[in-house]
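Take a look at the structure set out below.
No hydrogens, no waters, no symmetry mates; every other heavy atom, side chains included, goes into these values. What you see is a predicted model, and the numbers here were worked out from it, not measured in a lab.
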Amino acid sequence: MENMDQSHHQNGTISKQRSQGGLVTMPFIFANEVCEKLAVVGFQTNMINYLTKQLNMPLTKAANTLTNFGGTASLTPLLGAFLADSYAGKFWTITIASIIYQLGMISLTISAIVPKLRPAAGEEASGGQLAILYISIYLAALGSGGIRPCVVAFGAEQFDETDPNHKNSTWKYFNWYYFAMGASMLVAVTVVVYIQDYVGWGLGLGIPTLLMVLSIISFGFGYRLYRHLDPSGSPFTRLIQVCVAAYKKRKLPMVNDPCLLYENQELDAPISYAGKLIHTKQMRFLDKAAIVSEEDNPKAPNLWKLNTVHRVEELKSIIRMAPIWGAGIILITAYAQQSTFSLQQANTIDRNLTKSFQIPAGSMSVFTISSMLTTIALYDRVLIPLTRRITGLDRGISFIHRMGIGFVISIVATFVAGFIEIKRKRVAMDHGLLNDPHSTIPMSFLWLVPQYSLHGMAEAFMSIGHLEFFYDQAPESMKSTAMALFWTAIAMGNYFSTFLVSLVHKVSATNHASNWLPDDNLNKGRLEYFYWLITFLQLLNFLYYLVCAKFYTYKPIQLNVKDTDANNNAVELVTHQL
């Protein structure tokens with residue numbers, strides 16, 4: 001009777017937590033993400049031009065500054081996820097982080113308006129001017145750390161996974177979340193970049209800054225409509241506790257029956273609201289953390305010595321996800337070149353649409369975003385219904401297959417980019433412009449469209465598949481942390497790009513060979529070799545991914561499924577991807 005009352009109390013608590021949410025919350029959530037993307041993409045896409053033309057940085061230094069900023073902005077989500085999952089909750093983490101981001105954008109806008117904060121023509125930026133720049137962009141990076149992992153997870157949490165009426169809503173949400181994000185990026189790389197290049201950086205940064213203010217206000221207005229889930233304590237502490245407990249009990253003999261391992265539904269209730277993880281056979285050495293010894297008190301366990309099966313399986317899930325997480329790093333390295341060397345290619349060629357209108361080089365990524373949006377729409381409306389008939393999966397194809405398709409397209413994209421660079425230099429040579437880096441090469445910008453578009457198609461498959469993978473396979477109480485892992489892969493890809501660019505620039509700069517990535521004249525370089533090096537690394541990475549995908553074990557969970565007709569709960573065991 002006591003257990004029934006306790007269960008009723010827990011279900012009542014959870015029901016209260018989930019009394020709001022649904023599609024009505026999406027405009028408020030998307031508004032915050034759209035404005036954040038307008039701000040960061042509007043600056044980051046064109047940042048290489050700002051650094052080289054406004055602050056007079058050398059090309060390789062500017063490229064590395066850009067990738068370091070992108071890497072840091074993708075690494076800080078670990079901090080934001082930790083605060084959201086452990087203490088503050090997702091709503092307040094997003095709100096506070098948005099305000100921090102706003103401060104960075106205000107500082108950046110001021111630095112673009114005040115002439116003394118920029119160097120004179122022909123002079124490189126001073127230490128003080130660079131300090132203001134770095135403070136501004138890293139405040140923005142810190143703010144992004146609270147927004148990026150939490151907005152995605154917060155939006156997905158508005159759909160109750162235990163409710164059959166919301167069964168397909170979550171994975172559809174990821175498609176349309178990415179579509180809304182892509183649409184805002186499209187505006188950023190066209191309207192915002194055009195204003196920056198042809199009107200002024202002050203206005204070009206001031207508009208996203210103002211939009212960010214409006215996004216914070218609109219996000220706050222939706223507070224009463226949101227479905228709020230309380231933070232359940234530090235996920236990192238729980239993972240460490242399992243490791244410590246398993247180490248302390250390493251000499252204990254393994255139990256023959258997994259049913260003898262420690263279970264405590266009351267203890268796990270705050271971290272298993274949708275359902276509990278069940279025992280798996282992999283990594284059995286961690287199971288020792290759930291063996292009850294004579295020294296343990298099952299009624300009030302010391303979690304540094306005894307953990308439940310659910311908590312052990314949380315750690316196993318994270319460990320199983322790690323190899324596939326790592327596979328995404330090289331793809332981001334390839335993608336990062338669009339805002340550095342691909343943009344520099346665009347700077348050298350004819351970008352005229354008419355005699356009086358020229359596409360800004362920073363707006364070339366419009367082809368990437370348009371391709372991504374088109375692919376997402378076709379995927380959602382055409383590919384899913386077709387493949388659903390074959391696979392039987394509600395989402396058409398698994399996220400494992402979706403990521404694999406993205407890897408293949410990205411390999412083709414960088415391979416093609418190398419040949420386009422050969423074509424660009426051949427045209428420059430034919431017109432005697434190899435030694436004139438500031439003259440426009442008479443070659444249409446349309447030649448660059450294939451590499452940009454292929455990267456957009458790759459992102460539609462790989463990035464959304466990666467998001468689905470992390471959210472679906474992460475333990476229920478670690479959704480923000482899972483989204484942070486997605487952004488951490490982006491950070492590692494950007495940092496690896498910085499390392500690779502610096503290494504290639506240094507190694508290829510010999511007396512007997514031309515520097516592949518020269519600072520002063522891209523026409524005299526060997527950018528095609530760099531693209532093909534990335535192609536080769538991606539090919540090796542794809543083979544590695546195939547091995548990881550073949551041996552990956554999906555998270556087994558016992559879901560508490562709501563019976564909407566009888567107003568009670570049923571149990572559903574999920575051991576494969578739905």
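Between L448 and S342 there is no side-chain heavy-atom pair separated by less than 4.5 Å. You'll find the side chain of T488 stays beyond 4.5 Å of the side chain of P77, heavy atoms only. Residues L467 and Y471 have side chains not in contact (no heavy-atom distance under 4.5 Å, counting atoms from C-beta outward). Inter-residue side-chain proximity for L133 and L51 is flagged as met; some heavy-atom pair is nearer than 4.5 Å. Side-chain contact between T368 and S453: absent, with no pair of heavy atoms (C-beta onward) separated by less than 4.5 Å. In this structure the side chain of L142 reaches within 4.5 angstrom of the side chain of L79, judged on heavy atoms. Residues V151 and K90 fail the side-chain proximity criterion, which asks for heavy atoms closer than 4.5 Å. A 4.5 Å side-chain heavy-atom check between M321 and F470 finds at least one atom pair inside the cut-off.
Residues that satisfy the side-chain hydrogen bond (donor to acceptor under 3.5 Å, both in side chains) test with Y495, not counting sequence neighbours, are T72. Residues that satisfy the ring-ring contact (aromatic ring centres under 6.0 Å, His included) test with W447, not counting sequence neighbours, are absent from this structure. With sequence neighbours left out, E313 forms a salt bridge (charged side-chain N to carboxylate O under 4.0 Å, His left out) with K316, R320. Every residue two or more places apart in sequence or in another chain that forms a side-chain contact (heavy atoms from CB on, under 4.5 Å) with I195 is listed here: V191, V199, L203, I207. With sequence neighbours excluded, no residue forms a ring-ring contact (aromatic ring centres under 6.0 Å, His included) with Y138. N347 pairs by the side-chain hydrogen bond (donor to acceptor under 3.5 Å, both in side chains) definition with N49, not counting sequence neighbours. Qualifying side-chain hydrogen bond (donor to acceptor under 3.5 Å, both in side chains) partners for S107, counting only residues two or more places apart in sequence or in other chains: S136. Scanning for salt bridge (charged side-chain N to carboxylate O under 4.0 Å, His left out) contacts around R424 gives E421, with sequence neighbours left out. Shown here are the salt bridge (charged side-chain N to carboxylate O under 4.0 Å, His left out) partners of R238, two or more places apart in sequence or in another chain: E314. Judged as a side-chain hydrogen bond (donor to acceptor under 3.5 Å, both in side chains), and not counting sequence neighbours, T374 has no contacts.
Shown here is Y247, whose OH atom has no more than 12 heavy atoms of other residues, nucleotides or ligands within 6.0 Å.
Closest non-hydrogen pair, S144 versus T76, comes out as C-OG1, 4.4 Å. What you find for G146 and T93 is that their closest heavy atoms are O-CG2, 3.9 Å. Looking at every heavy atom in both residues, I147 comes nearest to M212 through CD1-CE, 3.8 Å. Considering every non-hydrogen atom in both Y544 and P323, the closest pair reads OH-O, 2.9 Å. When all heavy atoms of I100 and G143 are compared, the pair lying nearest together is CG2-N, 4.0 Å. Taking both residues in full, the closest heavy atoms of P360 and R351 are given as C-NE, 3.8 Å, listed atom of the first, atom of the second, then distance.
Between N541 atom CG and C548 atom SG the span is 8.5 Å, to the nearest 0.5 Å. To the nearest 0.5 Å, atom NE2 of residue H466 and atom CG of residue L485 are 9.0 Å apart. To the nearest 0.5 Å, the span separating CE on M457 from OG1 on T375 amounts to 5.0 Å. With values rounded to the nearest 0.5 angstrom, F367 atom CZ is found 9.5 Å from S365 atom OG. L343 contributes atom CG, which lies 9.5 Å from atom CD of Q345 (distance to the nearest 0.5 angstrom). Distance check: L108 CG to I132 CD1 gives 10.5 Å after rounding to the nearest 0.5 Å.
No side-chain donor-acceptor contact under 3.5 Å links Q473 and S317. S398 and H401 share a donor-acceptor pair across their side chains, judged by distance under 3.5 Å alone.
Side chain of S371 to main chain of G456: no donor-acceptor pair is present (N/O by atom type, distance under 3.5 Å, no hydrogens or angles). Listed for the S463 side chain is no donor-acceptor partner under 3.5 Å among the backbone atoms of A460. At least one donor-acceptor pair closer than 3.5 Å links the side chain of N494 to the backbone N or O of I490. Of the possible donor and acceptor atoms, one in the side chain of N515 sits under 3.5 Å from a partner among the backbone N and O of H505. Checked by atom type and distance alone, the side chain of S497 never pairs as donor or acceptor with a backbone atom of G493 at under 3.5 Å. The main-chain N or O of V213 is found under 3.5 Å from a side-chain atom of Q102 such that the two form a donor-acceptor pair. No donor-acceptor pair under 3.5 Å is formed between the side chain of K555 and the backbone N or O of L277.
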Walk me through it: do I332 and M492 pass the test side-chain contact (heavy atoms from CB on, under 4.5 Å)? CA-CA 8 Å; I332 300 302; M492 294 298 102; over 6 Å; no

When you look at I324 and M403, which way does the side-chain contact (heavy atoms from CB on, under 4.5 Å) test go after all the steps? CA-CA 10 Å; I324 291 182; M403 286 188 283; 3.9 Å; yes

What verdict does the side-chain contact (heavy atoms from CB on, under 4.5 Å) test give for L286 and I319, after you've listed the backbone C-alpha separation in whole Å, the side-chain angles of each residue and the deciding distance to 0.1 Å? CA-CA 11 Å; L286 292 175; I319 294 174; 4.0 Å; yes

side-chain contact (heavy atoms from CB on, under 4.5 Å) between Y101 and T209: does it pass, once the steps are laid out? CA-CA 9 Å; Y101 193 103; T209 301; over 6 Å; no

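Using cut-offs of 30° and 60° for the angle between ring planes, the F341 and F530 rings count as perpendicular. Taking the six-membered ring where the residue is Trp, W516 and Y529 present perpendicular rings, their angle passing 60° and hence far from 30°. Using the six-membered ring where Trp is involved, F91 and F219 have ring planes that are parallel, under 30° apart on the 30 and 60° scheme.
A distance of 6.0 Å or more separates the ring centres of Y531 and F419. Taking the six-membered ring for Trp and the full ring otherwise, the centers of F469 and Y554 sit at least 6.0 Å from each other.
Within the structure, side chain to side chain donor-acceptor pair (under 3.5 Å) pairs that include any residue of residues 323-335 comprise Y335-E459 (at least two apart or interchain). Applying the salt bridge (Lys or Arg N to Asp or Glu O under 4.0 Å) definition to pairs two or more places apart or across chains, those involving residues 526-544 are K425-E528.
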